[in-house]
Amino acid sequence: MADYKDTLNLPDTPFPMRGDLAKREPGWVKEWQEKKIYQAIRAASAHRPKFILHDGPPYANGDIHIGHAVNKILKDIIVKSRNMAGYDAQYVPGWDCHGMPIEREIEKKHGKNLPTEKTQALARAYAGEQIERQKVDFVRLGVLGEWDNPYKTMAFKTEADEIRVLGRILEKGYVYRGLKPVNWCFDCASALAEAEVEYADKEDLAIDVAFPFAEPEKVAAAFGLPALAKDGAVVIWTTTPWTIPSNQALNMHPEFSYSLVDTGRGLLILATDLVAANLEKWKLTGTTLATTVGAKLSEIKFHHPLAKMDAGYDRLSPVYLGDYVTLDTGTGIVHSAPAYGVEDFISCKSHGMKDTEILTPVMGNGVYAETLPLFAGQMIWKANPVITEKLKDSGNLLHVNKYVHSYMHCWRHKTPIIYRASTQWFAAMDTPPGFRGNKPAESLRETALRAIDATQFFPGWGKQRLHSMIANRPDWTLSRQRQWGVPMPFFVHKETGELHPQTLEILEAVAKLVEQNGIEAWQTVNPDDLIGAVGANSTAYYEKIKDTLDVWFDSGSTFQTVMGGPGGETNGMGSHGPQLRYPADMYLEGSDQHRGWFHSSLLVSCMLNGRAPYDSLLTHGFVVAGDGRKMSKSVGNVVAPQKISDTLGAEVLRLWVASTDYSGELSISDEILKRVVEAYRRIRNTLRFMLANTSDFDPKAHALPVKEWLEIDRYALGLAAELQHNVLADYTRYEFHAAVPKIQIFCSEDLGGFYLDILKDRLYTAAKGSHARRSAQNALWHLTQSLLRLMAPILSFTAEEAWREFNPGDLTIFLHTYYAFPQPEDGPELAQKWAQLRTVRGEVQKKLEDMRTAKEIGSSLQAEVEIRAAGDKLKALQSLGNDLRFVLITSQATVTHVDDAAAESISATTSKYAKCERCWHYRSDVGANKEHAGLCGRCVSNLFGPGEPRAHA
RNA sequence: CGUCGUAUAGCUCAACGGUAGAGCACCCGCCCGAUAAGCGGGAGGCUGGUGGUUCAAAUCCAUCUGCGGCGACCA
């Protein structure tokens, strides 16, 4: 038997079937960098309209985790897809560099209580190292961007511009100074972040204190009594006697029941449920005169327990209602010192107490101010027993005992800390304080809410979320008491606290210094040099403030400090102003950034420009393990992006990101990744087949006008055009998880299961340069053009790898836009007709499967088919003529007319003819040519004659 | 606890008031000229639970449960 394999046009390509991604991707990354692909794309796109996705800066601490990878890959997919859609889509990555976590890292490595200069120097160096580490991992993911010139919030110019932003919001009248309770360490003489707080057991004095009636008639009325027969008091319980001198209110729960009890020491009010326990503790007996709910006692005033001890305490405390009051311990009544408790502060403020009315006798070192009656100059912890003693003297102490409880301690000093109202700087949400006659026309809250309405959200529920956050948030505390942060370079009057009259000029002067030497310049500058040492406006009267800005203000200002704000393209503002544009088309981050970066950026931009810095917001969820659980080191279900890159390849990670619906959680597991790998293999193999079968195709020499193609080739072109249209629509909506299965199904069903399967016969057996074969290659060539570009934003490595094979000598696929298809004239009719043909094909395949099960055939080519059909179906089948058998991949196919659909049927038989040794079809004319006894007629013609005519398939 | 999401076949996703679909995985078979490939066929869901609205509910409403985000001087 002659071997005819050499006479076939079998596919050939160096494009390997297996990607070997983990090993080969780093090489491609390197090439992209060496060939400066990103810069080439910029040059090629310079004339196009801009699409600006402004990068939200990751924090420069720690190696990237899977969430970072998701974020950057999504951004990369969007940037690439917008660029290929014909935009100049820039990507300038950035890093958030200041803040407490880095300070803590420095403390861990170099010890605590370093001088500020030292901390800043170490922090700056550390952040730089972290950025380089993270950058390597980001680049490894195939993310293209301006990695040579990223933005950093610690860049000197960025730091300086941030100070200028502060100056502008001050000038516009949004900034004021006020009180706020914070965690305070006396040894640090500073506020602490929550992360710097530890809990440990502490022994305190727990005291029960009576606040005597000041308005007995109102108390009587609240309990439904005509009058009270004797004096009495409301009783509170506290473990912080040192807050008693600062008491300014009492809290009761509006719904709890409170009793008025007649005891040996007068009438007492306490929660009904706690009467028995407390009377026993106080060794009293009593009878309940009446009960009422807390709400009835609202606003009734009581005497301070130390009122009789010193006139300085002769004041009244009103009852404010609060849901946070519990019946766990104590009396059901809580004493409220607004300067030293968060709930106390909020409650008193909401009842109209002004900052200036709040008593703040505890100084930063934990000692009572000289103005505090009775206890001046005492350290609060040492004052506890003294206060208790005074209360006893006053007759208002019902009980005292030692009490061990869990209490906040400083992470550094292991000493107890307190909540302490301290002076902070705020941006006003509702009532702009104004600045020297300047005052915004509307409140920041109103402006921001309007800006949200004008913003597009992906997914849509983000709008309501951000809206409700802005609607409900309190004033923004801009100041922090930290070292590694952008300073608020203010001078305030030592007595009045007023800002220096030349504040704006000082800010600009400091900005200039910072521009040269970084934030460190503010640390080292001599105040005398800025405002002079003598005179009313000098350092004699004004002191330098050490506060830094909230790090959220750093990243919240990047629309100005990086993008350059309005006019940044031309006015030289911003680290990347000329190339970017304000507002950005999009900010894209995890959904936690509604409260973070989206939020802070919105507020700063609204203060500066009255609008959001973005036109649209896209949010993605968080990555969870396959079982829906959060990933955590302790559970051990953490999936590291570096590990995936090193084993499966970053391409697989990219495909996983693209195929997951990011609007909810993104779950990842070994099985999920395995499925992604399967999908990848299928797509890769399909590409390989197309590359292999077009390897001898030269579009310059072999291109044919579409109308000269075979019908099925034109149909395939239409399918690809439809795919591209649908996929691009998904890209435009940023719904990549909808696009990926479309591509996958196209490869599997339309190509693998249909078109390519049918095409093999023609590609392999027709004469190499025949019209029939070239027509197929034309179609494959256009399909590949489209498919590679369509895939490129997601499967960047593979698309690029294939592109080099497909288009040798071209720098990169990313220089190209989506493919412009030639339009077949009869596209719609073909689509309809071939859909019908494919239905019939499916029915035939079922029939053939039955024969296979009955062992009548193996290969479908062993069968001959007869189809009886009516109407359109008949016409469609008949129109293919002799080519129908190729569509069905059978050796013979005949069509017979029947009158109506009910009479339609399909039958198949095993061919009785011999198998052509070359094309494997079973034909009556095999051996008809004596010189080539093993061949069928068309193979003889294809090899030695004019070639078989093919018009349809 | 509050609030915003989310829950459909083993996995990833469709169906957006009208008989639950696809790809992959799985099972069976074919092929051996895409070959650590390719083709065909098949099985597999009380759409998280419960109650409602409706002629009709995966879809609308309520409630419960699981999971997750946010509620931090953390980023």
Side-chain angles (χ1 to χ4, degrees), chain A residues 4-5 8-13 17-18 57-62 96 99-102 104 180 182-184 190-197 323 422 424 459 461-462 464-465 468-469 472-473 477 479-482 548 550-552 555 590-597 619 621-622 624 626-630 656 659-661 663-665 667 669 671-679 681-682 685-686 688-693 737-738 740-742 744-745 747-749 752-754 756-757 760-761 763-765 842 845-846 848-850 852-853 855 857-862 889 918-920:
Chain A
Y4 288 101
K5 194 166 175 176
L8 296 172
N9 314 300
L10 292 179
D12 181 35
T13 177
M17 185 154 87
R18 308 190 69 196
Y59 191 70
N61 184 28
D96 198 6
M100 191 205 67
I102 290 178
R104 285 192 62 173
K180 192 188 178 195
V182 297
N183 293 314
W184 190 273
S190 164
L192 298 185
E194 190 77 20
E196 296 170 304
V197 175
D323 291 336
S422 66
Q424 303 290 343
W461 49 256
Q464 195 212 326
R465 182 144 158 197
S468 71
M469 283 177 182
N472 296 319
R473 70 155 293 147
T477 314
S479 50
R480 297 290 186 274
Q481 289 69 47
R482 309 225 64 92
T548 58
D550 179 4
V551 280
W552 284 111
S555 54
S591 56
D592 57 335
Q593 298 302 331
H594 283 106
R595 187 160 294 275
W597 192 52
T619 51
F622 281 72
V624 296
D627 57 1
R629 298 279 173 165
K630 201 195 302 200
W656 166 72
S659 50
T660 305
D661 179 1
S663 67
E665 293 118 58
S667 40
S669 68
E671 180 181 2
I672 291 167
L673 285 172
K674 209 169 150 190
R675 293 291 92 81
V676 174
V677 169
E678 298 292 343
R681 283 210 189 111
R682 184 60 203 240
N685 246 312
T686 305
R688 180 166 186 268
F689 183 88
M690 297 203 289
L691 293 176
N693 282 290
H737 77 283
V740 170
K742 287 190 177 86
Q744 194 189 339
I745 291 169
C747 288
S748 262
E749 298 291 296
F754 176 71
L756 300 183
D757 203 26
K760 284 177 204 166
D761 176 86
L763 287 166
Y764 299 168
T765 68
Q845 281 170 329
K846 277 202 175 68
L848 298 180
E849 190 61 28
D850 290 343
R852 231 171 248 134
T853 308
K855 303 286 181 198
I857 59 167
S859 161
S860 62
L861 285 174
Q862 287 174 256
I889 315 185
R918 182 169 177 271
C919 74
W920 296 343

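Heavy atoms only: backbone and side chains are in, while hydrogens, waters and symmetry mates are out. Reminder, nothing fancy here: chain letters follow the sequence lines and each chain counts from 1.
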### Message
Could you tell me how far G40(B) sits from A25(B) if I compare only their P atoms? Round to whole Å.
### Response
13 Å
### Message
Check this one for me: any side-chain N or O of His737(A) less than 4.0 Å away from OP1 or OP2 of A14(B)?
### Response
yes
Check the interface with nucleotides 36-38 of chain B: list each N/O to N/O pair with the protein under 3.5 Å, or write none.
| residue | atom | partner | partner atom | Å |
| --- | --- | --- | --- | --- |
| A36(B) | N1 | Arg18(A) | NH1 | 3.2 |
| G38(B) | O2' | Lys760(A) | NZ | 2.9 |

For nucleotides 26-32 of chain B, print each protein N/O atom paired with a nucleotide N/O atom at under 3.5 Å, atom names and distance only.
| residue | atom | partner | partner atom | Å |
| --- | --- | --- | --- | --- |
| C30(B) | O2' | Gly858(A) | O | 2.8 |

### Task
Answer with yes or no whether Trp552(A) presents, from its side chain, a donor or acceptor under 3.5 Å of a partner atom in the base of A75(B).
yes
### Query
In which stems does RNA chain B show up, taking only runs of three or more Watson-Crick or G-U wobble pairs whose two distances fall under 3.5 Å?
B:1-7 with B:65-71, B:10-13 with B:21-24, B:26-30 with B:38-42, B:48-52 with B:60-64
### Task
Tell me which nucleotide among G10(B), U12(B), G69(B) gets nearest to the side chain of Arg675(A).
G10(B)
### Task
Output the single nucleotide from A75(B), A25(B), C13(B) whose closest atom is nearest the side chain of Thr660(A).
C13(B)
### Task
With the side chain of Ser748(A) defined as its heavy atoms from C-beta on, choose the nearest nucleotide among G23(B), A75(B), C4(B).
G23(B)
### Query
With sequence neighbours left out, what residues match Ser669(A) under side chain to side chain donor-acceptor pair (under 3.5 Å)?
none
Could you write out each protein N or O paired with an N or O of nucleotides 65-67 of chain B at a distance under 3.5 Å?
| residue | atom | partner | partner atom | Å |
| --- | --- | --- | --- | --- |
| C67(B) | OP1 | Arg629(A) | NH1 | 3.2 |
| C67(B) | OP1 | Arg629(A) | NH2 | 3.3 |
| C67(B) | O3' | Gly628(A) | O | 3.3 |
| C67(B) | O2' | Gly628(A) | O | 2.5 |

Sort me out a list of protein N/O and nucleotides 61-63 of chain B N/O pairs below 3.5 Å, or just none if empty.
none

